[in-house]
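Notes follow once the structure below has been shown.
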Amino acid sequence: MGLFEKLGRQVEQFKQTAKKTAEENASYRCQACNERFDADYDRCPECGAEQVTPTETAE
């Protein structure tokens with residue numbers, strides 16, 4: 001395996017881990033498609049549904 005191929009795989013793994021962590025800690029989610037995001041939208045940016053609600057956090 002070449003150096004750049006190995007580096008490319010590591011970068012892709014990092015991106016996937018970062019995306020998963022961001023979704024787990026998102027402040028809002030769409031009830032229709034379960035997409036998660038940090039901004040409060042009137043409509044889901046993924047599916048267009050009006051069912052955007054805050055995620056519940058236990059503090």
| request: Please step through side-chain contact (heavy atoms from CB on, under 4.5 Å) for the pair R29 and N34, ending with a clear verdict. | output: CA-CA 6 Å; R29 79 178 188 93; N34 206 32; 2.4 Å; yes
message: Within the supplied structure, the quantity of interest is the number of heavy atoms (other residues, nucleotides, ligands) at a distance under 6.0 Å from Q10 CD; does it exceed 12?
response: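 Atom CD in Q10 is packed in, count exceeds 12.
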Pairwise side-chain contact, [X] with [Y], heavy-atom cut-off 4.5 Å (strictly under):
X   : Y   : value
V52 : R43 : no
R36 : T55 : yes
F37 : S27 : no

Basic-acidic side-chain contact under 4.0 Å: E12, R9: no
dist Y41:OH -> E46:CD (nearest 0.5 Å) comes out at 9.5 Å
Rounding to 0.5 Å, atoms SG (C30) and CD (Q51) come to a distance of 6.0 Å
